[in-house]
Amino acid sequence: MNELAPDERRTRLEELAPELVAELEAEAAAESEERTLSDLPNVEAYEQVRMRLAPNPNGPWHLGHARMPAVIGTYKERYDGWMLCRFDDTDPETKRPDLDAYDAILDAVEYLGFEADEVLRASDRLETYYDHARELIELGGAYTCDLPAAEFSELKNAGEPSPNREKPPEETMAEFEAMVDGEYGAGEMVLRVKTDIEHKNPALRDWVAFRMVDTPHPREEASEYRCWPLLDFQSAIDDQLTGITQIVRGIDLQDSAKRQRFLYDYFDWVYPEVMHWGKVQVDAYDVKMSTSRIAELIEAGELDGWDDPRAPTIASVRRRGIRGEALTEAMIELGTSTSDVDLAMSTLYAKNRELVDDEADRYFLVRDGVERTIIGGPETATPPRHPNHEEQGTREIPVGPGVLIEGEDLPGHGERVWLKGLGCVRHTRDAFEFTGEDIEVVREGEVDVVHWVPTEENVPVTLRTPEGDVEGLAEPGFVDADVDEVVQFERIGYARVDEHGEDGSVAYFAHP
RNA sequence: GCUCGCUUGGUGUAGCCCGGCCAAUCAUAUCGGCCUUUCGAGCCGAUGACGGGGGUUCAAAUCCCCCAGCGAGCACCA
């Protein structure tokens, strides 16, 4: 049996035990669907899988952010769970929220194919955080500290406590209320969680839970608050209150869980399961994938906006006609390993091509065209809309007195070229002379097939690509391609029709 | 400096927890072939990886130790 080829072995097995084959196939199918992401830890322990997206709305999303909804949303579907989108907008200053980003992010989540069951903004929940801080103070788990940051850092690194550490809870409580009332300025007072000042990992020692911020929050509803929680406190409280069971977050937050466990111990709560993943980087972009960097370039006018095709953002690939589903799939395939990963754009493109190809009508677009008079031949060309789908019909291109083809495609004098959908021509005396030859000449490899447009009635097109804008001329019928539709410019690649204007059309290049 | 983590082909990933079925999965990429009036799609094929060194074991990608490389935290950012 082992000497047989796999195919033969299978055939034999089918004869001998058909039920076994079916079983193997079912297993394989289940694996290909499910095994792209590893199982969530300890799912059995909870009634329902409850997860959260916790974006900082300090700007619209770049491509790396897609991983969060892609993975968490996929888990939600797999386990029939629940998903929260919680905006962790507790820093009105350094990572100041961008008021447009809240909706842009929810929109991006939807584009990726998911929807949050609930949406919360941390900046709406300050009173809740204050209440828990008060409770923590009563439990003796926190103290107010007026040491300058640098001074505390020095003590902490030496494993020495702040002189404020043993302050009575009443005093801490009074000072914390003064913080809440805005009686201190930035840097004058913080509330620290009492952990273990001699903990071998210095990152965990007596971390800050609340600090003063002078800058008002951009959301009007939150603009009066001056005493703001830091991520570790806010997120810990919210995860507990919203019943989060599994957390997936970046490796930069790998110590967060360890810090937050001190809090959970004070409150006698059970910490959720945690997974960490590394950074995602994307090849093929000149622009660094960073919210603040992209914002700067837009501000400076070097990018047209978040959806500029040169920007590594979700809005950009969306405008280029890449489906959210393709991005989600690509992100899922990256898995959740803790090492940094590179997303090859070619993988994303391959996924998208698979999704859009069947419906992408074909058009000719000539960049850098050279004009030639045409001698003889039919008056109209009728290439198919889609070579694999005859039922989608053909398109009509009037030939007229001459055609344009790309400079690179121009054959030498006396040489022939096949104008796709039209026929074979010979390049003679700066004209194309129709030869009437059969397609056989192409099949035998003698003649190359090229795309072309008529010199008259063509449509000027600006093709916006990640490498910059390219001007070209499309066949007349291109004006009928619907805006938002993804088409294929033959021999160039897929593009999304963006607009048809008076002076021409605009398309965004997706990928080859 | 202290602490934590990671390292499978060009890229990503599976396998590692519970050692043997792993001469290592799948995808993408590249190259080649078939088909084709596309440099697209489809089909077929090829290329290509367990960071290094020790150890345990009949047997190690998988367990242990050391080294190297990479990343992260030690912020009154998230």
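In what follows, every chain begins at residue 1, and chains take the letters A, B, ... in the order their sequences are listed.
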* Asked: Relative to each other, are the rings of A/Y363 and A/F478 parallel, tilted or perpendicular (30° and 60° limits)?
  -> perpendicular

* How are the rings of A/F262 and A/H199 set relative to one another: parallel (under 30°), tilted (30 to 60°) or perpendicular (over 60°)? -> perpendicular

* To do: For residues A/M345 and A/A284, report the shortest heavy-atom separation together with the two atoms involved.
  => CG-CB, 4.0 Å

Under 4.0 Å from OP1 or OP2 of [N]: is there any side-chain N or O of [X] that close?
X      : N      : result
A/K279 : B/rA72 : yes
A/S339 : B/rG5  : no
A/S153 : B/rA75 : yes
A/R211 : B/rC77 : yes
A/R353 : B/rA29 : yes

If you check every side-chain atom of [X], which of [options] has the closest atom?
X      : options                : result
A/S346 : B/rU37, B/rA29, B/rC76 : B/rA29
A/T338 : B/rA75, B/rU38, B/rC6  : B/rC6
A/A350 : B/rA29, B/rC77, B/rA72 : B/rA29
A/R192 : B/rU11, B/rC77, B/rC76 : B/rC76
A/I439 : B/rC74, B/rA78, B/rU37 : B/rU37
A/D340 : B/rU37, B/rU28, B/rG71 : B/rG71
A/V449 : B/rU37, B/rC74, B/rU28 : B/rU37

Looking at [X] and [Y], does any basic side-chain N land under 4.0 Å from a carboxylate oxygen?
X      : Y      : value
A/D89  : A/R121 : no
A/K279 : A/D252 : no
A/E354 : A/K351 : no
A/R261 : A/D255 : no

* Asked: Looking at A/F233 versus A/F210, is the centre-to-centre ring distance below 6.0 Å?
  -> yes

How far, in whole Å, is [M] from [N] if one measures between their [atom1] atoms?
N      : M      : atom1 : answer
B/rG12 : B/rA78 : P     : 31 Å
B/rU25 : B/rC35 : P     : 30 Å
B/rG45 : B/rU28 : P     : 15 Å
B/rU57 : B/rC65 : C1'   : 16 Å
B/rC26 : B/rC64 : C1'   : 31 Å
B/rG32 : B/rG71 : P     : 36 Å
B/rG53 : B/rA61 : P     : 13 Å
B/rA49 : B/rU8  : P     : 13 Å

Distance, rounded to the nearest Å, where [X] contributes [atom1] and [N] contributes [atom2]:
X      : N      : atom1 : atom2 : result
A/W228 : B/rA75 : CH2   : C1'   : 18 Å
A/R385 : B/rG40 : CZ    : C1'   : 18 Å
A/D283 : B/rU30 : CG    : P     : 12 Å
A/W277 : B/rG12 : CH2   : C1'   : 15 Å
A/I247 : B/rA78 : CD1   : P     : 16 Å
A/L327 : B/rG12 : CG    : C1'   : 15 Å
A/I405 : B/rU38 : CD1   : P     : 16 Å
A/N388 : B/rG42 : CG    : C1'   : 7 Å

* Asked: Under a 4.0 Å heavy-atom cut-off, which of residues 196-203 of chain A touch RNA chain B?
  -> A/K200, A/N201, A/P202, A/A203

Classify the nucleic acid contact of [X] as base, sugar-phosphate or nothing, counting any heavy atom under 4.0 Å across all strands shown.
X      : value
A/F152 : nothing
A/D358 : nothing
A/L147 : base
A/D91  : sugar-phosphate
A/P387 : base
A/I251 : sugar-phosphate
A/P384 : nothing
A/G187 : base
A/V190 : base

Using purine N1 to pyrimidine N3 plus N6-O4 or O6-N4 for Watson-Crick, or N1-O2 and O6-N3 for G-U wobble, both under 3.5 Å, which nucleotide pairs with [N]?
N      : answer
B/rG42 : B/rC34
B/rA29 : B/rU47
B/rA72 : B/rU3
B/rA59 : none

* To do: Find out whether the Lys NZ or Arg CZ of A/R367 is both under 6.0 angstrom from the six-membered ring centre of A/F489 and within 45° of the ring's axis.
  => no

* Charged tip of A/R219 within 45° of A/Y225 ring normal and under 6.0 Å -> no

* Any N/O donor-acceptor pair, A/Q254 side-chain to B/rA72 base, under 3.5 Å -> yes

* Asked: Is a donor-acceptor pair below 3.5 Å formed from side chain A/R443 to base B/rU36, judging by atom type as modelled?
  -> no

* Asked: Between the side chains of A/E406 and A/H451, does any donor sit under 3.5 Å from an acceptor?
  -> yes

* In terms of side-chain heavy atoms, does A/D238 have a donor or acceptor partner in A/Y129 at a distance below 3.5 Å? -> yes

* Upstream residue (5' side of RNA chain B) when A/S337 and A/G423 are each assigned their closest nucleotide -> A/S337

* Structure fact -> Of A/E333 and A/L253, the one whose nearest nucleotide on RNA chain B sits closer to the 5' end is A/E333

